[in-house]
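Okay, structure first, notes after.
Each chain gets a letter, A, B and so on, in the order the sequences are listed, and its residues count up from 1.
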Amino acid sequence: MATTQYRSVKGMPDLLPAEARQVRELERIAATFFEKAGFQELRTPILEAAELFSRAVGESSDIVRKEMYHLTDLGGRELVLRPEGTAPIVRAVLQHKLVAPGEAARLWYVGPMFRQENTQKGRQRQFVQIGAEWFGAGGPWADAETIGLNVRLLEAFSVNIDAVEVNSLGNAASRLAYREKLVGFLDKYAEQLCADCKERRQLNPLRVLDCKNQQCQAIYADAPVPLDALDEPSRQHFDAVCQGLETLRIEFVVNARLVRGLDYYSDTVFELKSSRLGAQATVSAGGRYDSLVESFGGPPTPAVGFAAGVERILLAREAEPAAEMTPDVVWIALDEPARREGLGVVDQLRAGGMVALQLFHKGSVKAQMRGANQLGARFAVLCGDDERARAVWAVRDLQQREQFEVPATPEALIRELRARSA
RNA sequence: GUGGGUGUAGCUCAGUCGGUUAGAGCGCCAGGUUGUGGCCCUGGAGGUCGCCGGUUCAAAUCCGGUCAUCCACCCCA
């Protein structure tokens with residue numbers, strides 16, 4: 001291994017050509033997918049005011065407590081690298097008044113997010129999310145459509161989804177009532193909880209429900225769950241969401257212990273899971289957040305959305321990555337004048353729509369031919385003093401293993417190659 | 001932040017009860033074909049054995065530390 005002086009920062013890996021190609025493919029698929037569903041792209045900056053996230057995501061969340069990359073600019077502004085995509089979108093929607101009263105806005109985004117967590121399979125410190133946010137649509141059918149869009153998007157990515165899990169946390173009143181019930185329950189077992197759950201009990205009680213500790217899970221077997229505490233409106237909303245999913249013919253399971261880490265969720269929450277990601281099973285997740293816009297000082301605006309992790313999509317993806325572009329033509333120079341001539345020919349071949357290149361790093365003809373073959377080139381075009389004297393180029397069809405000559409002009413060459421390729 | 005695994009050639013890896021010039025496959029380069037690929041044959045280049053320190057006559061090998069990476073906890077997309 002070469003000892004390099006500099007390395008990329010932990011958790012912020014370079015996207016090598018094969019991966020970059022895949023990501024570009026995903027972005028293309030997403031763009032056409034969202035366009036068909038009436039969503040428009042919105043790109044927000046990577047840096048935002050720190051306060052934006054502490055307000056939206058919640059002071060008690062790990063993201064805000066210890067995972068944000070924080071900096072102060074020359075004007076003394078407290079900035080952070082965005083740890084998630086929803087808060088910036090909400091900010092932009094309000095700033096530019098993208099949702100007129102009584103109207104809706106459907107927006108999607110793609111871009112890097114940053115969290116200072118420790119790395120592991122499916123978890124990086126800089127990671128890309130593709131997400132959608134739908135403002136102004138309050139009924140349960142919008143939830144069902146959003147979950148449906150999430151499922152269809154991952155299908156378009158050829159991602160293998162093992163489970164679609166849904167749950168309801170209830171509206172504000174239900175959540176408050178539930179939280180009291182849960183804390184009361186936990187108090188009875190306070191001594192037996194794992195260290196993490198003891199802390200969760202104080203900070204964010206809901207999170208105990210998805211604790212991985214077996215002893216804790218045994219205790220929680222008969223703990224109250226949010227679904228049991230739903231009031232009538234929330235109950236009806238959730239039932240309708242489930243009916244909507246049936247209409248869409250989306251298989252799903254109700255996971256009563258599904259909770260989400262961000263404070264802004266209300267009523268519907270959901271996760272799409274794959275078994276291919278190691279411990280990080282969630283490829284995509286989202287939910288309803290009806291009070292977030294208002295808490296940012298905007299008009300009461302219901303909203304629902306989701307975000308998918310691109311790195312996790314890549315891990316769970318079944319499709320073969322798109323093939324690399326293979327050259328149509330490699331110019332083989334037999335002497336120095338031919339190298340110079342090739343410079344111009346290759347340029348004109350590209351202008352004519354062909355993939356063409358010359359291998360300056362290869363010395364002998366043999367090496368250049370080998371290189372052309374390894375790149376998967378269809379044709380090798382050879383030029384030396386003999387050809388120059390007769391004003392022709394020798395063209396070798398590397399697939400058919402035949403060789404012929406063409407007049408030494410790019411136009412004649414392109415014409416001949418097109419005819420042979422058809 | 002915590003725990004465990006791993007760090008030897010461009011890549012995948014062998015080699016560790018300490019002992020001469022550290023190996024293989026693939027890849028790369030050259031030749032076998034005066035100017036022509038895929039197969040085959042021959043030869044060659046390429047390594048601070050992650051880094052620092054310790055033990056020893058002698059360290060890739062043992063010990064300590066450190067960094068990186070992977071997996072897991074935590075958290076979440």
Q | Assigned partner base of B/C62, Watson-Crick or wobble definition, under 3.5 Å | A | B/G54
Q: Please state the P separation for the pair B/C39 and B/G27 - nearest whole angstrom.
A: 8 Å
**Q.** Inter-nucleotide P distance (B/C49, B/G10), Å rounded
**A.** 13 Å
Q. For A/Q116 and A/R125, what are the C-alpha separation, side-chain angles and deciding distance, and is it a side-chain hydrogen bond (donor to acceptor under 3.5 Å, both in side chains)?
A. CA-CA 5 Å; A/Q116 262 179 98; A/R125 291 182 169 182; 5.2 Å; no
Q.
Suppose you measure atom C1' in B/A14 against the same atom in B/C76; what distance do you get, rounded to whole Å?
A. 40 Å
Q: For A/A394, report the nucleic acid contact type (base, sugar-phosphate, nothing); a contact means any heavy atom under 4.0 Å.
A: nothing
Q: Could you let me know what B/U21 is paired to, Watson-Crick or G-U wobble, both distances under 3.5 Å, or none if it's on its own?
A: none
Q) B/U36 C1' sits how many Å from A/R396 CZ, rounded? A) 6 Å
Q) Would you find a donor on one side and an acceptor on the other, under 3.5 Å apart, between the side chain of A/R257 and the backbone of A/V225? A) no
**Q.** Nearest-nucleotide 5' precedence on RNA chain B, A/G371 against A/S364
**A.** A/S364
Q. Could one point to a donor on the side chain of A/Q403 or the base of B/U36 with an acceptor on the other under 3.5 Å away?
A. yes
Q.
Strictly by Watson-Crick or wobble contacts shorter than 3.5 Å, is anything paired with B/A30, and which nucleotide is it?
A. B/U42
Q.
Tell me whether A/R55 contacts the main-chain N or O of A/S295 through its side chain, where contact means a donor paired with an acceptor under 3.5 Å.
A. yes
Q: Would you mind building the protein contact string for nucleotides 72-77 of chain B? One character per nucleotide, 5' to 3', B for base within reach (heavy atoms under 4.0 Å), S for sugar-phosphate only, - for untouched.
A: BBBBBB
(Q) Let's test this: given Watson-Crick or G-U wobble pairing with both distances under 3.5 Å, identify the partner of B/G3. (A) B/C71
(Q) Which nucleotide wins on minimum distance to the side chain of A/M369, given the candidates B/U36, B/C28, B/G35? (A) B/U36
(Q) Does B/C28 have OP1 or OP2 under 4.0 Å away from a side-chain N or O of A/Q374? (A) yes
Q. Over how many whole Å does the gap from A/D386 atom CG to B/U34 atom P extend?
A. 15 Å
Q) Does the B/G32 base have a donor-acceptor partner in the side chain of A/K366 within less than 3.5 Å? A) yes
Can you list, pair by pair, the side-chain donor-acceptor contacts under 3.5 Å of residues 198-207 of chain A, counting residues two or more places apart and other chains?
residue	atom	partner	partner atom	Å
A/E199	OE2	A/R65	NH2	3.3
A/R201	NH1	A/D187	OD1	2.5
A/R207	NH2	A/D210	OD2	2.9

Q. Whole Å only: how far is the CG atom of A/N373 from the P atom of B/G38?
A. 7 Å
Q: Find the distance A/D397:CG to B/U36:P and express it as a whole number of Å.
A: 19 Å
Q | Rounded C1' spacing from B/G5 to B/A77 in Å | A | 26 Å
Q | Salt bridge A/E155-A/R152, side-chain N to carboxylate O under 4.0 Å | A | yes
Q.
Regarding A/N171 and A/S234, do their side chains bring together a donor and an acceptor under 3.5 Å, going by distance alone?
A. yes
Q | Separation of the P atoms in B/C11 and B/C51, to the nearest angstrom | A | 15 Å
Q: Return the value, rounded to whole Å, for the distance between atom CZ of A/R370 and atom P of B/C40.
A: 10 Å
Q: Could you work out the separation of B/U8 and B/U12 based on their C1' atoms and round it to a whole Å?
A: 12 Å
**Q.** Most 5' of A/K10 and A/R401 on RNA chain B, judged by nearest nucleotide
**A.** A/R401
Q: Sticking with atom C1', work out how far B/G4 lies from B/U42, rounded to a whole angstrom.
A: 48 Å
Q. Please give, in whole Å, the distance from B/C71 P to A/R276 CZ?
A. 16 Å
**Q.** Whole-angstrom distance between B/U61 and B/C75, as gauged at atom P
**A.** 40 Å
**Q.** Rounded interatomic separation in angstrom, taking CZ from A/R7 and P from B/C67
**A.** 14 Å
Q: Can you tell me the distance, in whole Å, between the CG atom of A/D385 and the P atom of B/U34?
A: 15 Å
Q: Please confirm whether A/R260 makes a cation-pi placement over A/Y289, using NZ or CZ under 6.0 Å from the six-membered ring centre and within 45° of the ring normal.
A: no
(Q) Counting the benzene-type ring for Trp, do A/F39 and A/W108 have ring centres under 6.0 Å apart? (A) no
Q) Are the charged groups of A/E336 and A/R339 less than 4.0 angstrom apart, N to O? A) yes
